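Report on the following structure.
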Amino acid sequence: MLKRIMVIVFVSVLLFLGYQYYSKPSLYWGFNLVEIAITSIPLLFYAVYFIISNFKKHKHNYFYFCNGLIIYVTSSAGIFLSGNSDSVIFTEPFLLDFWFFNSLFYILYQFMIYKEWKTLNFRRETKKKFQ
């Protein structure tokens, strides 16, 4: 059921964005707020659903990955949706804008992927030791 919904959402987003870029090619050169929202929201819903379904099954595979994805996509979508503004938090003693936080959350996301890889690799190694 969920796989069918995911395919339907994927195809409808793809068709909608294809039509939007076909009808307005100028959207290629600016922040397309609709595209950012319409691609980020399904990812967030899928990741939250995956975490909730794993809690019900008492399986915690890809837990760090999904949490990192939720944190990064939420922060990144917020930053990109405000992308047309040059938001600067402070300028003295150095320039700090919202794009710095996007890089910071991306590094956090990469760390969560690494932590997930270490967890899965540790499970695999311990399973081999007991066999």
Side-chain angles (χ1 to χ4, degrees):
M1 175 73 176
L2 179 65
K3 289 181 182 180
R4 186 175 294 167
I5 292 171
M6 288 174 62
V7 169
I8 290 170
V9 169
F10 173 72
V11 170
S12 61
V13 166
L14 190 64
L15 289 174
F16 178 77
L17 291 177
Y19 174 74
Q20 188 182 30
Y21 280 117
Y22 178 75
S23 64
K24 288 185 181 179
S26 64
L27 291 174
Y28 282 116
W29 312 113
F31 281 101
N32 186 356
L33 301 178
V34 175
E35 176 197 3
I36 294 168
I38 204 169
T39 55
S40 298
I41 291 171
L43 284 174
L44 290 173
F45 280 130
Y46 297 150
V48 169
Y49 179 80
F50 186 80
I51 288 174
I52 291 170
S53 66
N54 274 344
F55 277 144
K56 290 180 181 178
K57 296 177 184 176
H58 300 290
K59 286 176 54 180
H60 299 294
N61 292 338
Y62 304 106
F63 183 72
Y64 294 113
F65 175 78
C66 283
N67 283 328
L69 182 70
I70 291 169
I71 292 169
Y72 174 67
V73 170
T74 302
S75 63
S76 180
I79 290 169
F80 279 105
L81 287 173
S82 67
N84 290 333
S85 65
D86 290 327
S87 301
V88 176
I89 297 173
F90 57 85
T91 58
E92 295 296 330
F94 58 89
L95 181 68
L96 182 65
D97 59 356
F98 284 154
W99 296 105
F100 170 78
F101 290 109
N102 189 36
S103 301
L104 190 67
F105 282 115
Y106 184 71
I107 292 170
L108 176 68
Y109 178 49
Q110 293 299 316
F111 174 74
M112 297 294 265
I113 291 173
Y114 172 74
K115 190 157 176 71
E116 186 68 47
W117 175 78
K118 289 290 281 186
T119 303
L120 292 174
N121 198 23
F122 177 74
R123 287 181 191 166
R124 190 177 307 127
E125 288 176 4
T126 55
K127 190 182 271 188
K128 284 181 182 178
K129 286 181 183 178
F130 287 120
Q131 288 180 350

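The basis for the numbers below is simple: all heavy atoms, side chains too, and nothing from hydrogens, waters or symmetry mates. Keep in mind that this is a model prediction, so the values were computed, not measured. Numbering starts at 1 and runs along the sequence shown.
- Residues I79 and N102 approach most closely at CD1-N, 3.5 Å, considering heavy atoms.
- No path of Ile, Leu, Val, Met, Phe, Trp and Tyr side chains, each step under 4.5 Å between heavy atoms, connects I41 with V9, placing them in separate hydrophobic clusters.
- By the rule that hydrophobic residues join a cluster once side-chain heavy atoms approach within less than 4.5 Å of another member, Y19 and F16 end up as members of separate clusters.
- Considering CG of L44 and OH of Y72, their distance stands at 12.0 Å, rounded to 0.5 Å.
- Neither side chain, Q110 nor Y114, offers a donor N or O lying under 3.5 Å from an acceptor on the other.
- To the nearest 0.5 Å, the span separating CE on M112 from CD1 on I71 amounts to 5.0 Å.
- F50 and Y62 make their closest contact through CE2-CB, 3.9 Å (heavy atoms, listed as atom of the first residue, atom of the second, distance).
- Taking CG of N67 as the reference point, atom CG of L108 lies at 10.0 Å (rounded to 0.5 Å).
- Ring geometry for Y28 versus Y21: interplanar angle under 30°, hence parallel rather than tilted (30 to 60°).
- Between the S40 side chain and the A37 main chain, no donor and acceptor come within less than 3.5 Å of each other.
- Rounding to the nearest 0.5 Å gives a distance of 9.0 Å between NZ of K24 and CG of N32.
- Taking CZ of F63 as the reference point, atom NZ of K115 lies at 11.0 Å (rounded to 0.5 Å).
- When the options I70, L43, L69 are evaluated for a side-chain contact (heavy atoms from CB on, under 4.5 Å) with V48, the one that passes is I70.
- Linking Ile, Leu, Val, Met, Phe, Trp and Tyr whenever their side-chain heavy atoms come within less than 4.5 Å leaves F45 and I8 in two separate clusters.
- The hydrophobic cluster containing V13 does not contain Y22, counting ILVMFWY residues as joined when their side-chain heavy atoms lie under 4.5 angstrom apart, directly or transitively.
- The heavy-atom pair separating Y46 from I5 by the smallest distance is OH-O, 4.1 Å.
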Checking side-chain contact (heavy atoms from CB on, under 4.5 Å) for the pair L27/V34: CA distance, chi angles, key distance, verdict?
-> CA-CA 10 Å; L27 291 174; V34 175; over 6 Å; no
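- A single hydrophobic cluster is seen to contain both M1 and Y49, as judged by linkage of ILVMFWY side chains at heavy-atom distances under 4.5 Å, directly or through other members.
- Annotation: the span from Y64 atom OH to W117 atom CH2 amounts to 15.0 Å, rounded to 0.5 Å.
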